[in-house]
Amino acid sequence: LKYSDFRPLAFSLNPFSLQIASRVSREYRDTLHTSRVLRTMQDIATALQELGHILRREEAQCDALGHNIQRERQALRTLKLSDMAEVNHQRAELLNDLHVLETERAAWLARLAGHWNLAPSTISLSIILERLETAEAQRLETLYTRMAGKIRGLRHEISINAGILNSLQI
């Protein structure tokens, strides 16, 4: 049924029937709005769960990369070149996995932007999490911020290893 289905019926009936038809149409509209809101809330909850899963996997990959960087540093200090091949192979796999997760996160962002009728280039993950204002979104924002800090730390650790490697080549 549509809201417009009630109009012709209401005008052909007496005033009492008009009130009933009006009330029914209002309740129908309210029910549609409520179901859309609930569906949207469920969609958002599902999207946030998906994002949480992606971010936790990214964080685990960052932790594994941190361990890899430490192994590389140890191999550089002891000059065990045999360990370096294994470390480099593992690093390539970790970076590839991180790239896949970054692609998943970008696709998630694009889907949510499409749901909100926005261009993906106009929004960021931080903006989305701030906009949602739910406890889950705040928790994910904290997770995302923590992960960004880890990434900055990893870049610093990699630069230290690069410095050690450069000093060995001299």
Asks: On a heavy-atom basis, which atom in Ala119 and which in Ala113 lie closest, and how many Å separate them?
Replies: C-CB, 4.3 Å

Asks: I need the minimum non-hydrogen distance between Glu93 and His89, along with the two atoms involved.
Replies: OE2-NE2, 2.8 Å

Asks: Quick check on the hydrophobic clustering: are Met147 and Leu48 connected, directly or via other members, by side-chain heavy-atom contacts under 4.5 Å?
Replies: yes

Asks: Do you know which two heavy atoms are closest between Ala75 and Asp83, and how far apart they sit?
Replies: CB-CB, 3.9 Å

Asks: Is there a path of hydrophobic side-chain contacts, each under 4.5 Å between heavy atoms of I/L/V/M/F/W/Y residues, joining Leu101 to Leu109?
Replies: no

Asks: Measuring from Leu79:CG to Leu168:CG, what's the distance to the nearest 0.5 Å?
Replies: 5.5 Å

Asks: Side chains of Ile123 and Leu112: closer than 4.5 Å at any heavy-atom pair?
Replies: no

Asks: Measure the CD-CG distance between Glu72 and Leu165 for me, rounded to the nearest 0.5 Å.
Replies: 7.5 Å

Asks: Would you say the side-chain atoms of Gln49 and Glu136 include a donor-acceptor pair closer than 3.5 Å?
Replies: no

Asks: Look up atom CZ in Arg73 and atom CD1 in Ile164, then write down how far apart they are to the nearest 0.5 Å.
Replies: 5.0 Å

Asks: I need the minimum non-hydrogen distance between Leu98 and Glu58, along with the two atoms involved.
Replies: CD2-O, 3.9 Å

Asks: Which distance, rounded to the nearest 0.5 Å, do you find between the CH2 of Trp108 and the CG of Leu51?
Replies: 4.5 Å

Asks: In this structure, would Leu95 and Ile158 fall into the same cluster of hydrophobic residues linked by side-chain contacts under 4.5 Å?
Replies: yes

Asks: Please report the interatomic distance CD1(Ile54) to CG(Leu143), rounded to the nearest 0.5 Å.
Replies: 11.5 Å

Asks: Take Glu157 and Gln70, measure what side chain to side chain contact (heavy atoms under 4.5 Å, CB included) needs, and give me the verdict at the end.
Replies: CA-CA 8 Å; Glu157 293 295 320; Gln70 292 304 317; 3.3 Å; yes

Asks: Of all heavy-atom pairs between Ile151 and Cys62, which one has the smallest distance, and what is that distance?
Replies: CG1-SG, 3.8 Å

Asks: Between Arg71 and Glu86, is any pair of side-chain heavy atoms under 4.5 Å apart?
Replies: yes

Asks: How long is the gap from CG on Asn161 to CD on Gln74, to the nearest 0.5 Å?
Replies: 10.5 Å

Asks: What is the minimum heavy-atom distance between Val87 and Asn68, and which atoms define it?
Replies: O-ND2, 3.0 Å

